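Let me begin by presenting the structure, written as structure tokens, before commenting on it.
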Amino acid sequence: KQEVTQIPAALSVPEGENLVLNCSFTDSAIYNLQWFRQDPGKGLTSLLLIQSSQREQTSGRLNASLDKSSGRSTLYIAASQPGDSATYLCAVRPETDFGNEKLTFGTGTRLTIIP
Amino acid sequence: DAGVTQSPTHLIKTRGQQVTLRCSPKSGHDTVSWYQQALGQGPQFIFQYYEEEERQRGNFPDRFSGHQFPNYSSELNVNALLLGDSALYLCASSSYSRTSGSSYEQYFGPGTRLTVT
């Protein structure tokens with residue numbers, strides 16, 4: 001059974017700092033890994049999706065890396081801003097078998113950027 | 001282009017009642033998945049619908065059932081509500097590829113907040 005862990009559960013940093021969020025998963029047989037952002041009481045916004053054959057993806061100030069063999073991914077946020085405050089979730093999708101496409105999520109890291 | 005929409009936004013029900021939540025997928029998508037997110041937790045997969053049939057199911061009791069309509073929209077029904085069913089219910093849609101035999105990236109809706117008292 002796939003298990004996804006995110007450490008730390010909460011993180012507070014001053015505005016302008018660079019930061020790293022961690023995600024680990026127990027079963028390396030994944031199809032892809034996705035990072036989401038969730039604002040309080042809201043739905044999920046996809047930030048980055050990394051296919052299992054890729055090592056990293058970048059979008060603006062965000063960079064996500066994937067080490068499939070060790071079961072780890074990191075989300076790097078450069079020059080943090082107060083608007084980055086949110087909960088960040090990672091999710092893995094299993095290697096594709098027809099009908100087996102459920103995402104397994106971690107519990108998230110609640111990020112607070114202090115102005 | 002409208003994304004995934006869900007209704008209602010919020011809902012309050014009493015223990016033992018039944019509830020129906022609705023989801024309209026993103027334009028061009030034919031697959032709908034439902035997730036339950038308890039407070040402070042990550043979303044948990046409930047089930048996925050494709051071609052009006054349940055294709056995959058998570059570890060949820062039979063009180064949770066669903067339906068997909070010919071226009072690809074979907075409903076989630078929960079019977080005999082328990083206090084523990086209070087959560088944010090998220091719908092995600094994707095597009096199935098017959099070539100690869102799998103669906104592309106899932107897009108999530110804003111969710112329905114269900115409170116059971």
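Not measured: the values here are computed from a predicted model.
At a cut-off of 3.5 Å, with distance as the only test, no side-chain donor of Y31(A) or E95(A) sits close to an acceptor on the other residue. In the model, S65(A) has no side-chain atom that pairs as donor or acceptor with a side-chain atom of E56(A) under 3.5 Å. Residues S69(A) and D67(A) have side chains that bring a donor and an acceptor to within less than 3.5 angstrom of each other.
Taking a cutoff of 4.0 Å between a charged side-chain nitrogen and a carboxylate oxygen, R61(A) and D84(A) qualify as a salt bridge.
For a residue to count as touching a neighbouring chain, one of its non-hydrogen atoms must lie under 4.5 Å from one of that chain's; by this rule Q37(B) touches chain A with the side chain only. Residue L89(A) touches chain B through its side chain alone, counting heavy-atom pairs closer than 4.5 Å. In this structure, the portion of Y35(B) lying under 4.5 Å from any heavy atom of chain A is its side chain and not its backbone. Heavy atoms of L103(A) lying under 4.5 Å from chain B belong to its backbone as well as its side chain. Looking at Q34(A), the atoms closer than 4.5 Å to chain B (heavy atoms on both sides) all sit in the side chain, from C-beta outward.
In this structure, L82(B) and R63(B) approach most closely via the heavy-atom pair CD1-NH2, 3.5 Å.
Most heavy-atom pairs under 4.5 Å with chain A, from the set R113(B), Q44(B), Q106(B): that is Q106(B). Annotation: maximal heavy-atom pairing with chain A below 4.5 Å, among G111(B), P110(B), P43(B), G58(B), occurs at P43(B).
Classification of the F108(B)-F105(A) ring pair by plane angle, with boundaries at 30° and 60°, yields perpendicular.
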